[in-house]
Engineer: 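Attaching a single structure in structure tokens format; questions to follow.
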Amino acid sequence: MTGSTPRGETAPARSYKKTLNLPKTGFPMKANLVQNEPASLKRWAKAGLYAALRDKAKGKPRFTFHDGPPYANGSIHLGHLMNKCLKDFVVRSKGMMGFDVPFVPGWDCHGLPIEHKVMTGLHDSGKAAKLADLEPSAAKMAIRRECKKYAEKYVKLQSGQMKRLLTLADYDDPYLTMHTSYEGAVLEVLAGLVGKGLVFRALKPVHWSIENETALADAELEYEDREDISVFVEFEAEDAAAVYAAFGLGEERKEGETGKMPVPRGDGERPSQTPSFMIWTTTPWTLPANLAIAVHEKFTYALVRIDGSVTVLAEELVEAVTKAAGSEDVEVLATTAGDRLVGLRYRHPFIDEPPKPHGEPDADTSKCYTVVSADYVTLEDGTGLVHTAPGHGVEDYQTGLRVGLPVYCPVRGDGTYNHTVPEWLRDMSVWEANEKVTQRLRESGHLFHDNRFTHSYPHDWRSKTPVIFRCTEQWFVGVDTPMGEGKTLREMALEAVQESPGVPRLSEPSSEKHCDDSVRRTEVPGKINFVPEWGRNRMRGMLESRPDWCISRQRSWGLPIPAFVQADGSAFLTEASVRAVARLFREEGSDAWFTKEPAELLKYYNPDDDPAAPKGLDLSLLKKGGDILDVWFESGSSWNAVMRERLGDDAFPVELYLEGSDQHRGWFQLSLLPSLGVMGRPPYRTLLTHGFMVDKDGRKLSKSAGHTIENLFERYGADVLRWWVCSLAYDNDVKVDDEFFALAGESYRKVRNTLRFLLSNLYDFTAGEHCVDLKSLDPKSLDAWVLAEFDHVSAEVKKAYDGYFFRRAHGLLYGFCNDTLSSVYLAAVKDRMYCDRPDSPRRRQTQTVMWDLADGLCRLLAPVLCHTADEAYRALRGVGKDDPACVHLEEFLPEFGVEADAGWAKVMEARDAGLLALEKAKAEMGLDNPLDAGLVFPDPDGVLAGFDPLDLADLCGVSRASVDAGASEVAVQDLRDEPRCERSRKRDGTVRERSDGGMLSDRDAAAVGV
RNA sequence: GGGCCUAUAGCUCAGUUGGCUAGAGCGCACCCCUGAUAAGGGUGAGGUCACAGGUUCAAGUCCUGUUAGGCCCA
């Protein structure tokens, strides 16, 4: 190739390209977030952004927002990603609205999952064996040290990931539930509840490992197949006549009786035998603890004669049961509904008197040995009558609570019976008892049938031995216990959740009229706002049905319940004693519980000052209790440990809690209860919930989906992920898929390009020097129009942020960049930007507007695109690498207050009509290039005539425009025969040959100076 | 099995106290520009509102049931 003109064409007389003011910028089209975000992070860290913001916000009204602590285990996942981004949008947007928004991030550090992991690790490394040689307290300390290290490791990891997500919080000083001051503050809450008389000790069935003599949590169970004896046992009825009556035998039918009627069959005669109730169980060893038989009220039960004896079982199971037992003579005598059996009494096969449970000598046993109803009775196995032992099963326990049975557990921790059982069972292990009980039943004629049965059965994950259900003493917070003025926690909670007629609902604005300030920001003291509103129902339902809160656990890694055991075996725990230990834990941490003697632990306690102290209390005889607190109690006390303690009393109640909808039962509820108990009001004013991540098809996200957070940072960058979160309808389930991140990336690039184009037209503009006074803008100018549009969008975005409608903010911002700017305004002003003299008033005015738009846009985007907004903000000001200028230290721009002419609506309608007409002309006249066309707009009311025809032309991308008051539709002029300006490419009617020999329009000739 | 929630275009979502031809963005198709260029602009085609009943002059919207899915329980 030579340097000559390509393809032998004649070179244009003159190239005007270098006389144009084409856009120029160092702001790259490609964001390269993966590299550049960490640099922003470093710059912000260097400037101490979080502290600088607190400093700057001094004296401003405070917005109190409280972080719910994630569990310090593993990497953060997609759920955290959404949760943390939403929280960050709140923190940053409220900050830019002029609030002081301190935000202390937290972690939940105690608890079983960590202890479990640590124990597994100790096991695998062989260190667990050494623990067995240590004193129990020393062993616990060793485990606790490991757990602490583990938690610290994951706090560090997650904290790093959250920072990489560009979230703004006090990461230098987070709250950890294992901090000594936090522990002290939790015990203060406990003390408050103890003072209100809400904390008590009671029996509750738990999974129990005989091998390790400890209670186990669900996570510590492994299910393995096990062969057991399964027995069908006949419990003799106490009152034969009553049973026959229930089946309609030997009794006149009452008149007017409704409902399911008993149905006698055959001759309707009453047999002479005493009938029995047949139950089925795979744990014969629990039969000594049997206190009731449960039936389902709605099932049909049959009175059956089987090989001579008469028994009751579910009609549907008669065939299966008798077939299994090989019965020969089976006859159904009558059937009846389950509810007619309820209340009938029976005799225990080998116990004469209902036992007096140990520790409850005064227990009411009048309800024992009766038939009760229960919903969980099924017809899948057994007989439809369920053996009920409240001391040995959760469902049995709840049934017992409901109908008023004592909790009876005759089995000791080592798996042997205590002295309350018949002599032939005493001190026997339950496994041995399975055989003995079966044998005894067979001998006494109560055993209908027995067989071997293989089923999945829970085993202790450590010893691999089968576990049993056993009642143990636990600490509870009573939700139905009346407090001082007579209300219970449940009543107070339901009241707080209740919608009062005066509280307008918070709802997402779908249009502007719903976005009124009057719709929100209404506070009725003690009432909770729910976003979305259905959270109210959900929480109410949960509060109505929740049982007393079991707050004790038998583990090592947690905050000890500072309860002591007195010489007589009773528990010692008073408000003052708990406060005394709280003070010590504040100073020394809860490890002290394991290293100090009771008297030392109580060094701040003086029984003489404690009216609740038991009489004759001798501190030297106390023993330490072995329970720790439920971790939910710790996180549920964060309003005290974090908000009140660190941020002061005016940070309570907190404005907002924001978590996933699972927290209606978790953190939301378990923060509400202690706060109601101690402070008498909810800890928060508004609860905002988001949904869960599901896959592309709306199904539960599998753990192995492979979206590691590092991978996402690597592929998309934090700003794109944040932009995606901002776009979500977070109040429902959120679908995730790679494709969605990619789409968010596309949409991000559109916004980025709009910013870039604004910046690229400001390369020769210095704000201080070239600014035009916007006050003097003509309301009919395009610049006035776009500023008014910005004002409108800006106000709407702020309202959306204010009401946590981030998706709406996202839509508004995207639409403004894409439509208002990119396709309308910026497309229209290109001609004047490129072709006007650089310092023409028209161009400078548009540049002023562009500068302000870029500035305002950066600020509105800053809460979401925090890297990109800052990058653009700094590029706009042209600051150097080390300059501390930062959009995050700014607030949102106030409105420009520029007035646009009311006729603009008509102009935009005309633009739409013009574009449509051009499309038609393209098809019909082959008029492909809009610059070859002119447009004549109808203008019946004369509105358009008031506007600059040049603006009308530029808005449609045509060479010229005019109006015709009499026309009825847009006319397209074919200008292809008119000369074209070699510089602006317009055929505007002023193009002619100029002194330099070029064909130029008047404007371009002047710009070039020929 | 129970409580709460969800179902509208290929995808993500709007659709208010029932009331014009059910809207938007993305994607897709076709076209323009080549002076925002791994950019930018224009036009257009897409819907049995999950299904089945009911209330009403009128139902995407209200009621009942069914199906599918999510969270929390059992």
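The basis for the numbers below is simple: all heavy atoms, side chains too, and nothing from hydrogens, waters or symmetry mates. A, B, ... follow the sequence lines: proteins, then strands. Residue 1 opens every chain.
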Engineer: Using the P atom on both, measure B:rG15 against B:rA9 and round to a whole Å.
Structural biologist: 15 Å

Engineer: Under 4.5 Å between any side-chain heavy atoms of A:Phe89 and A:Arg722, yes or no?
Structural biologist: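 Side chain of A:Phe89 against side chain of A:Arg722, heavy atoms only: contact under 4.5 Å found.
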
Engineer: How close or far is atom C1' of B:rU34 from atom CG of A:Leu931, stated in whole angstroms?
Structural biologist: 12 Å

Engineer: Whole-Å distance between B:rA14 C1' and A:Phe805 CZ?
Structural biologist: 14 Å

Engineer: Hey, which sits more toward the 5' end of RNA chain B by its nearest nucleotide, A:Lys735 or A:Gly535?
Structural biologist: A:Gly535

Engineer: In whole Å, measure the gap between the C1' atoms of B:rU67 and B:rG53 for me.
Structural biologist: 15 Å

Engineer: Determine the Euclidean distance between corresponding P atoms of B:rC28 and B:rC11; express it in Å to zero decimal places.
Structural biologist: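 It works out to 15 Å between them.
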
Engineer: When the distance from CH2 of A:Trp724 to C1' of B:rG25 is rounded to whole Å, what number comes out?
Structural biologist: 17 Å

Engineer: Could A:Arg832 and A:Asp951 be called an ion pair, given the rule that one side-chain N must be under 4.0 Å from one carboxylate O?
Structural biologist: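 Salt bridge present between A:Arg832 and A:Asp951.
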
Engineer: For the aromatic rings, using the six-membered ring if either is Trp, is the centroid distance between A:Phe633 and A:Trp549 under 6.0 Å?
Structural biologist: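 Ring-ring flag for A:Phe633/A:Trp549: true, centres closer than 6.0 Å.
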
Engineer: Return no unless some side-chain N or O of A:Thr25 is found under 4.0 Å from OP1 or OP2 of B:rA36.
Structural biologist: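 False: A:Thr25 side-chain N/O out of range (4.0 Å or more) of B:rA36 OP1/OP2.
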
Engineer: What is the nucleic acid contact for A:Asn818, judged by heavy atoms within less than 4.0 Å: base, sugar-phosphate only, or nothing?
Structural biologist: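 Since only primed, P, OP1 and OP2 atoms lie under 4.0 Å of A:Asn818, the category is sugar-phosphate.
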
Engineer: Can the positive tip of A:Arg752 be found less than 6.0 Å from the middle of the six-membered ring of A:Phe27, inside 45° of the ring normal?
Structural biologist: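 The answer is yes; both the distance and angle limits are met.
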
Engineer: Evaluate the side-chain contact (heavy atoms from CB on, under 4.5 Å) criterion for residues A:Glu395 and A:Val386: first the C-alpha distance (whole Å), next the side-chain angles of each, then the deciding distance (0.1 Å), finally the verdict.
Structural biologist: CA-CA 11 Å; A:Glu395 288 174 331; A:Val386 175; over 6 Å; no

Engineer: Should A:Asn21 and A:Tyr834 count as side-chain neighbours, where that means a heavy-atom distance under 4.5 Å?
Structural biologist: no

Engineer: Base, sugar-phosphate, or nothing: which does A:Arg752 touch, judged by heavy atoms less than 4.0 Å apart?
Structural biologist: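 A:Arg752: no heavy atom of the nucleic acid under 4.0 Å.
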
Engineer: What is the separation between atom NE2 on A:His690 and atom P on B:rC4, rounded to the nearest whole Å?
Structural biologist: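 After rounding, the reported distance stands at 22 Å.
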
Engineer: Rounding to an integer number of angstrom, what distance separates B:rG10 and B:rA29 when you compare their C1' atoms?
Structural biologist: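 So the two C1' atoms sit 14 Å from each other.
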
Engineer: Which of these nucleotides, B:rA36, B:rC13, B:rA74, is closest to any side-chain atom of A:Tyr834?
Structural biologist: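 My answer, after comparing the listed nucleotides, is B:rA36.
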
Engineer: How far does OG of A:Ser984 sit from CG of A:Leu1000, to the nearest 0.5 angstrom?
Structural biologist: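 Rounded to the nearest 0.5 Å, the OG-CG separation comes out at 8.0 Å.
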
Engineer: Looking across every strand, which nucleic acid part, if any, lies under 4.0 Å from A:Ser823 by heavy atom: base, sugar-phosphate, or nothing?
Structural biologist: sugar-phosphate

Engineer: With a cut-off of less than 4.0 Å, is there a side-chain N or O of A:Lys700 near OP1 or OP2 of B:rC71?
Structural biologist: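 Indeed, a polar side-chain atom of A:Lys700 lies that close.
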
Engineer: With rounding to the closest Å, how many angstrom separate the P atoms on B:rU21 and B:rA68?
Structural biologist: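 After rounding to an integer number of Å, I get 36 Å for this pair.
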
Engineer: Could you work out the separation of B:rG40 and B:rC33 based on their C1' atoms and round it to a whole Å?
Structural biologist: 8 Å

Engineer: Measuring from the side chain of A:Glu395 (C-beta onward, heavy atoms only), which nucleotide among B:rG69, B:rG41, B:rA74 has the closest atom?
Structural biologist: B:rA74

Engineer: Starting from Watson-Crick (N1-N3 plus N6-O4 or O6-N4) and G-U wobble pairs under 3.5 Å, report the runs of at least three that RNA chain B belongs to.
Structural biologist: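 When the pairs of RNA chain B are grouped into runs of at least three, the stems are B:1-7 with B:67-73, B:10-13 with B:23-26, B:28-32 with B:40-44, B:50-54 with B:62-66.
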
Engineer: Just to confirm, is there a sub-4.0 Å distance from OP1 or OP2 of B:rG41 to any side-chain nitrogen or oxygen of A:Ser822?
Structural biologist: yes

Engineer: Could you check which of B:rU12, B:rA68, B:rG40 has an atom nearest any side-chain atom of A:Arg699?
Structural biologist: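 The answer is B:rA68, which lies nearest to the side chain.
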
Engineer: From the set B:rC72, B:rG35, B:rG40, return the single nucleotide nearest to any side-chain atom of A:Asn753.
Structural biologist: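 Nearest nucleotide to the side chain: B:rG40.
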
Engineer: Whole Å only: how far is the CG atom of A:Asp733 from the P atom of B:rC72?
Structural biologist: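 To the nearest whole Å, that distance equals 11 Å.
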
Engineer: Write down the distance separating the P atoms in B:rU66 and B:rG3, rounded off to the nearest Å.
Structural biologist: 12 Å

Engineer: Would you please confirm or rule out a distance under 4.0 Å between OP1 or OP2 of B:rC4 and any side-chain N or O of A:Arg665?
Structural biologist: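 Checking B:rC4 against A:Arg665, no side-chain N or O comes under 4.0 Å of OP1 or OP2.
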
Engineer: From the list B:rC32, B:rU43, B:rU12, which nucleotide is the closest neighbour of the side chain of A:Lys922?
Structural biologist: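 Between B:rC32, B:rU43, B:rU12, the one nearest the side chain of A:Lys922 would be B:rC32.
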
Engineer: Between A:Pro930 and A:Leu743, which residue's closest nucleotide on RNA chain B lies nearer the 5′ terminus?
Structural biologist: A:Leu743

Engineer: Classify the ring geometry between A:Trp724 and A:Phe741 as parallel (under 30°), tilted (30 to 60°) or perpendicular (over 60°).
Structural biologist: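 It falls in the perpendicular class, over 60°.
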
Engineer: Once you round it to whole Å, what is the distance between C1' of B:rC11 and NZ of A:Lys696?
Structural biologist: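 Those two atoms, NZ and C1', are 9 Å apart.
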
Engineer: Flag the pair A:Leu494 / A:Val497 as yes when at least one side-chain heavy-atom distance between them is below 4.5 Å, and no otherwise.
Structural biologist: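 A side-chain contact is absent here, since even the closest heavy-atom pair is not under 4.5 Å.
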
Engineer: Going by a 90° cut-off around 0, is B:rG70 syn or anti?
Structural biologist: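 Base orientation: anti.
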
Engineer: Let me know the distance between CD of A:Gln663 and P of B:rC4, rounded to the nearest Å.
Structural biologist: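 My rounded result for the distance is 20 Å.
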
Engineer: Would you mind telling me which of B:rG70, B:rC4, B:rG41 lies closest to the side-chain atoms of A:Phe692?
Structural biologist: B:rG70

Engineer: Of the candidate nucleotides B:rG42, B:rA38, B:rG35, which contains the atom at the shortest distance from the side chain of A:Arg749?
Structural biologist: B:rA38

Engineer: Could you please name the option among B:rG42, B:rG3, B:rA36 that lies closest to any side-chain atom of A:Arg538?
Structural biologist: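 The nucleotide sitting nearest to the side chain is B:rG3.
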
Engineer: Taking any heavy-atom pair under 4.0 Å as a contact, classify A:Leu916: base, sugar-phosphate, or nothing.
Structural biologist: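 Since only primed, P, OP1 and OP2 atoms lie under 4.0 Å of A:Leu916, the category is sugar-phosphate.
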
Engineer: What's the gap between B:rG54 and B:rC73 when it is taken at their C1' atoms, as a whole Å value?
Structural biologist: 33 Å

Engineer: Look at the rings of A:His810 and A:Tyr814 and say which category their plane angle falls in: under 30° parallel, 30 to 60° tilted, over 60° perpendicular.
Structural biologist: parallel

Engineer: Of the listed nucleotides (B:rU37, B:rC33, B:rC72), which one gets closest to any side-chain atom of A:Met29?
Structural biologist: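 Among the listed nucleotides, the one closest to the side chain of A:Met29 is B:rU37.
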
Engineer: Figure out the CG/C1' separation between A:Asp819 and B:rG40, and round it to whole Å.
Structural biologist: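 A:Asp819 atom CG is separated from B:rG40 atom C1' by 13 Å.
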
Engineer: Nearest to the A:Leu826 side chain among B:rA36, B:rG41, B:rC11, which nucleotide is it?
Structural biologist: B:rA36

Engineer: Distance check: side-chain N/O of A:Arg756 vs OP1/OP2 of B:rU37, anything under 4.0 Å?
Structural biologist: yes

Engineer: Does A:Arg540 contact B:rC4 through a side-chain donor or acceptor facing the base, at a distance under 3.5 Å?
Structural biologist: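 No such pair is found, so the answer is no.
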
Engineer: Any donor and acceptor pair, going by atom type alone, linking the side chain of A:Asp548 with main-chain N or O of A:Val479 inside 3.5 Å?
Structural biologist: yes

Engineer: Does A:Tyr814 place a side-chain N or O at less than 4.0 Å from the phosphate oxygens OP1/OP2 of B:rC26?
Structural biologist: yes

